[in-house]
Protein chains: 2
Amino acid sequence: MSRSIKKEAILDTAESLFYDHGFHAIGLKKILEEANVAIMTLYNHFSSKEQLIEEILKRRESQYWLYLDSFVEEGSASPFLQVVKAHVNWLNDKGKNGCMFLRAMEEFAGTDNQIENIARNHKNKLLKYLRDLGQKSGYANDEDIAFQMTVLLEGATSMAEIVGPQQAGKQAISMAQSLLNTWRR
Amino acid sequence: MSRSIKKEAILDTAESLFYDHGFHAIGLKKILEEANVAIMTLYNHFSSKEQLIEEILKRRESQYWLYLDSFVEEGSASPFLQVVKAHVNWLNDKGKNGCMFLRAMEEFAGTDNQIENIARNHKNKLLKYLRDLGQKSGYANDEDIAFQMTVLLEGATSMAEIVGPQQAGKQAISMAQSLLNTWRR
DNA sequence: ATGAAATTATAATGATCGTTCTATCTAAAG
DNA sequence: CTTTAGATAGAACGATCATTATAATTTCAT
């Protein structure tokens, strides 16, 4: 089964182009050229440009969670530091141009609810993940910790656009270590 | 002199629309309709869509510095806390949809150098401002402080998109207070 | 009131947008 | 070999894109 080798080519190049230039800035034509795929092949796999974007976001989200899951070990002494390190690795691999979910929210809020919700739900899921992690690790106020961790992670993502992922990652880890001392168990 | 009342209408509505939906997502037609302006009036004041965007970014940058200048007082005991508070106020007033400069970088990097440079220069100028502020306040390593402050500010901006400016601002200020204790003079 | 400057309306430009249709072709499964 | 599904090329759709040309109109200081 050559099952969907073409579909994955579309998803890969579309994700790359959308991430590098924005969703509205990239037309289907450019995707088709770079992916070496015919227009009808795209519409055979996806019902519209918006639905293609939805699949890309869902796929990217599951990839992000793979990074977190592989770095954060059950019952770790410093789970939040592992979260930051996972995020920094994510930035190094495919986060040099900001957060694709926030960018989807920014471009489609008030226009395409489906796309906006996928992005927004991901962020809320991340907040809940951090809250649960704090609670599970015996921290006092998991609410504030989850918020501050989010500020830290999103800040590192933006900072990576300005001075690169390694510099941003180094500072994010340093900040996390400082903040960890202020969080009481 | 009714000097450029129309020009300002264009700048105002264009900035609002670009910020809410993105630069490529908004066509000139929508700007003209909302600003009640004829197409030739726009091209009389701006040579192209890109040049309009450039002026918007420059204007927005000077507005941002007004916030910083009005909050950060010369020789303050805690200048960085004032920076954070200035930034939080900025978020409350016109920062509910991310950082417009980062978004300009993301949409135009590799496509329009002029626009990209305006945005990137602003970020570098902010980094230098924070570095100078740290040095002037007698902090040991202004380099790291500037980086971490940037992570904090940009993180608050992104966080404001997810949970609103007040929640993001509250956490950013709390984080700043924690970090301040770790920075040695 | 006059003259200059700014704004307007309208239409046309060529390019590109997302999407659909038709028809041909390739490739694998039975 | 034949069937079937997937991919292809190419054209067409109407809509919108940024930009320009032309010409009429309004605004405003003198």
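Looking at residues two or more places apart in sequence or on another chain, you find a side chain to side chain donor-acceptor pair (under 3.5 Å) between B:Thr157 and B:His87. Listed by chain and number, the residues in a side chain to side chain donor-acceptor pair (under 3.5 Å) with A:His24 are A:Glu107 (sequence neighbours excluded). In this structure, B:Tyr19 has no side chain to side chain donor-acceptor pair (under 3.5 Å) partners at least two apart in sequence or on a different chain.
Looking at heavy-atom distances under 4.0 Å, B:Leu32 makes no contact with the nucleic acid at all.
A side-chain donor from one of A:Ser76 and A:Gln82 sits under 3.5 Å from a side-chain acceptor of the other.
Between A:Lys7 and D:dA7 there is no side-chain polar atom (N or O) within less than 4.0 angstrom of OP1 or OP2.
Atom-to-atom, CD1 of B:Ile39 to P of C:dA6 comes out at 18 Å; the value is rounded to the nearest Å.
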TODO: Using Watson-Crick or G-U wobble pairs with both distances under 3.5 Å, give me DNA chain C in dot-bracket, 5' to 3', with [ ] for crossers and | for pairs to another strand.
DONE: |||||.||||||.||||.||||||.|||||

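Against DNA chain D, the stretch residues 13-23 of chain B makes no heavy-atom approach under 4.0 Å. Taking every heavy atom of residues 41-55 of chain B and every atom of DNA chain C, pairs under 4.0 Å involve B:Thr41, B:Asn44, B:His45, by number.
For A:Phe101 and A:Tyr64, the gap between ring centers reaches or exceeds 6.0 Å.
Distance from the side chain of A:Lys29 is smallest for C:dC17 among the nucleotides C:dC17, D:dT8, D:dA21.
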